[in-house]
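Letters go in sequence order (proteins before strands), and every chain restarts at 1. From a predicted model like this one, the values you see are computed outputs, not experimental measurements.
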2 protein chains.
Amino acid sequence: MSQARPTAPRKTRIQAQNEELILAAALDVFSSLGYRGSTVDQIASKCGLSKPNLLYYFRRKEDIYFAVLEKILAEWGDTLKSLDPDGDPIEEIGSYIRQKLRLSRDNPRASRLFANEILQGGESIGDFLKGPVRSLLHEKAAVISRWIREERINPIDPYHLIIAIWATTQHYADFDVQLRAVLDERERSLEAAERTLIALFCDGLRPRLP
Amino acid sequence: MSQARPTAPRKTRIQAQNEELILAAALDVFSSLGYRGSTVDQIASKCGLSKPNLLYYFRRKEDIYFAVLEKILAEWGDTLKSLDPDGDPIEEIGSYIRQKLRLSRDNPRASRLFANEILQGGESIGDFLKGPVRSLLHEKAAVISRWIREERINPIDPYHLIIAIWATTQHYADFDVQLRAVLDERERSLEAAERTLIALFCDGLRPRLP
DNA sequence: TCCGTACTTGACCAGCCGATCAAGAATTTA
DNA sequence: TAAATTCTTGATCGGCTGGTCAAGTACGGA
């Protein structure tokens with residue numbers, strides 16, 4: 001699967017270089033047009049290769065798509081590992097939000113590709129979701145549950161908390177078009193989003209009376 | 001635009017009936033396959049009409065899409081009008097969350113179609129976003145700003161607050177596939193989501209000390 | 001009942017797109 | 001340098017899909 005040519009067990013310099021080119025172009029195209037909306041020609045011309053040449057490295061359009069997906073899922077897995085069980089709960093969750101927000105800003109196309117895939121039924125990543133993501137979620141939920149038991153944070157459902165964090169942070173990548181149409185430039189700063197979300201998740205809206 | 005036949009100023013019984021059939025089927029198909037992934041044939045066979053017959057009512061595939069979009073945007077506009085400026089802030093925001101969450105549950109396909117459209121660049125709804133949605137957002141933001149000035153809720157950015165509400169509530173429709181893969185049946189109840197979000201937005205995570 | 005209009009459809013077309021192939025160019029290896 | 005391998009591409013194919021058309025059928029008013 002990671003080998004373009006089944007007959008070639010090792011990667012040439014040219015091969016590695018072109019595959020990288022292709023995957024970069026493919027992320028670009030797939031994330032903005034969706035799988036079905038993208039054509040092999042578009043990807044090829046975006047990276048300056050001919051269509052048959054591209055199909056020499058990846059036999060099928062599907063294979064390109066899978067390769068892109070695989071790549072971004074791997075990167076994501078790495079970045080999701082934080083949330084130190086031994087740290088201060090509020091600090092940890094705050095920095096988790098910050099981190100995910102930055103990921104949204106720095107890698108919006110990956111986020112959109114993922115969103116697209118989910119909306120389309122997510123068949124290609126079902127195993128990934130049911131495996132790594134699921135266990136990661138449960139692991140983090142357990143940490144949060146412990147924090148709740150120790151009365152270091154308010155008692156809320158840990159699963160829905162994490163989902164809320166995912167939803168709010170990814171939203172800045174996935175719905176960027178909407179935000180651009182609806183917010184003024186000045187209101188769209190990452191800092192404002194960061195401040196608001198952290199304030200919200202930490203202290204909520206209700207004023208502390210005394 | 002609302003008339004399928006430019007030469008026919010009035011709607012026949014059959015016409016009204018078939019257009020409704022078509023739009024229902026189209027929402028179904030478009031929302032699960034996206035615009036480019038859907039075919040006119042699929043929509044036609046889903047509502048038991050032949051393809052040419054469908055294209056008799058809507059000349060182009062695009063026209064069907066626009067009609068569906070127009071319909072759901074109109075319905076949405078209606079449901080978004082709540083948030084009474086004279087009510088209790090916490091109550092109002094809570095009931096707004098509840099309302100949007102129920103909308104997600106009762107009309108997930110509309111939500112997904114919308115998300116799909118945004119991800120694809122949202123050209124078809126640019127005017128809608130820059131117009132009605134934008135002014136609605138500003139209107140609500142003004143209300144929230146007043147509540148903040150009156151010190152009835154904590155000072156946070158009203159725009160990002162509303163966006164956070166949109167993000168979290170729509171997420172339950174748009175990312176349903178992911179939630180199914182990652183959560184157990186029991187954890188996926190609307191009630192849990194409702195409770196968690198409202199607790200989060202109202203009181204946050206940090207315990208009140210005294 | 002008859003006539004005009006609205007509706008329906010099988011057959012068909014043109015363009016696009018994924019994929020193939022054979023043949024030539026470049027690069028590596030010996 | 002020569003042979004072997006890898007890389008590149010123009011030409012082409014077949015299937016799918018949006019859209020058309022002509023011919024027929026149902027409907028509704030007089």
Checklist line | salt bridge (charged side-chain N to carboxylate O under 4.0 Å, His left out) contacts in which one or both residues fall within residues 125-135 of chain A, not counting sequence neighbours | finding: A:R134-B:D184
Checklist line | Under 4.0 angstrom between B:Y57 side-chain N/O and C:dT8 OP1 or OP2 | finding: yes
Check: Is any side-chain nitrogen or oxygen of A:Q15 closer than 4.0 Å to OP1 or OP2 of D:dT6?
Finding: no
Notebook entry, point to check: Side chains of A:Y159 and B:L179: does their closest heavy-atom pair fall under 4.5 Å?
Noted result: no
Notebook entry, point to check: A:D176: what forms a side-chain hydrogen bond (donor to acceptor under 3.5 Å, both in side chains) with it, not counting sequence neighbours?
Noted result: A:R180
Next item on the list: Side-chain contact test, heavy atoms from C-beta onward, threshold under 4.5 Å: evaluate it for A:L73 versus A:V133 and give yes or no.
Entry: no
Notebook entry, point to check: Should the pair B:K61 and B:F30 be classed as cation-pi, given the thresholds of under 6.0 Å to the six-membered ring centre and 45° from the axis?
Noted result: no
Item checked: Non-hydrogen side-chain atoms of B:Y35 and B:N116 separated by less than 4.5 Å -> no
What does the list of N/O pairs under 3.5 Å between the protein and nucleotides 25-28 of chain C look like, with a distance for each?
from	atom 1	to	atom 2	distance (Å)
C:dT28	OP1	A:R13	NH1	2.7

Margin query: Can you tell me if A:N18 touches the phosphate of D:dT6, counting only side-chain N or O atoms and a distance under 4.0 Å to OP1 or OP2?
Written below: no
Margin query: Taking the axis from the first five pairs and the axis from the last five, what angle separates them in the helix from C:dT1-D:dA30 to C:dA30-D:dT1, rounded to 10 degrees?
Written below: 20°
Note to self: Suppose we screen for ring pair (Phe, Tyr, Trp, His ring centres under 6.0 Å). Which residues come up paired with A:F128, at least two apart in sequence or across chains?
What the structure shows: none
Notebook entry, point to check: Does some side-chain heavy atom of A:N107 sit less than 4.5 Å from a side-chain heavy atom of A:I72?
Noted result: no
Show me the side-chain donor-acceptor pairs of residues 188-197 of chain B shorter than 3.5 Å, one per line, residues at least two apart or across chains.
from	atom 1	to	atom 2	distance (Å)
B:S189	OG	B:A192	N	3.1
B:E194	OE2	B:R102	NH2	3.2
B:T196	OG1	B:A192	O	2.6

Note to self: I'd like to check the salt bridge (charged side-chain N to carboxylate O under 4.0 Å, His left out) partners of A:D88; sequence neighbours left out, ordered by chain and number.
What the structure shows: none
Checklist line | Which residues share a side-chain hydrogen bond (donor to acceptor under 3.5 Å, both in side chains) with A:N18, sequence neighbours left out | finding: A:Y57
Next item on the list: For DNA chain C, determine which residues of residues 26-34 of chain B have any heavy atom closer than 4.0 angstrom to one of its atoms, and list them numerically.
Entry: none
Notebook entry, point to check: In whole angstroms, how far is the C1' atom of C:dA6 from the CG atom of B:L54?
Noted result: 16 Å
Next item on the list: Tell me, please, which residues at least two apart from A:E117 pass side-chain hydrogen bond (donor to acceptor under 3.5 Å, both in side chains).
Entry: A:Y65, A:S124
Notebook entry, point to check: Are OP1 or OP2 of D:dC7 and a side-chain N or O of A:N53 less than 4.0 angstrom apart?
Noted result: no
Notebook entry, point to check: Nearest-Å distance, CD (A:Q17) to C1' (D:dC7)?
Noted result: 12 Å
Next item on the list: Quick one: list whatever passes side-chain hydrogen bond (donor to acceptor under 3.5 Å, both in side chains) with A:S111, sequence neighbours left out.
Entry: A:D174
Check: Reckon A:Y56 has a side-chain N or O less than 4.0 Å from the OP1 or OP2 of D:dC7?
Finding: yes
Short N/O separations, protein against nucleotides 17-21 of chain D, under 3.5 angstrom:
from	atom 1	to	atom 2	distance (Å)
D:dG18	OP1	B:S38	O	3.2
D:dG18	OP1	B:K61	NZ	3.3
D:dG18	OP2	B:V40	N	2.9
D:dG18	N7	B:K51	NZ	3.0
D:dG19	OP2	B:K61	N	2.7
D:dG19	O6	B:K51	NZ	3.2

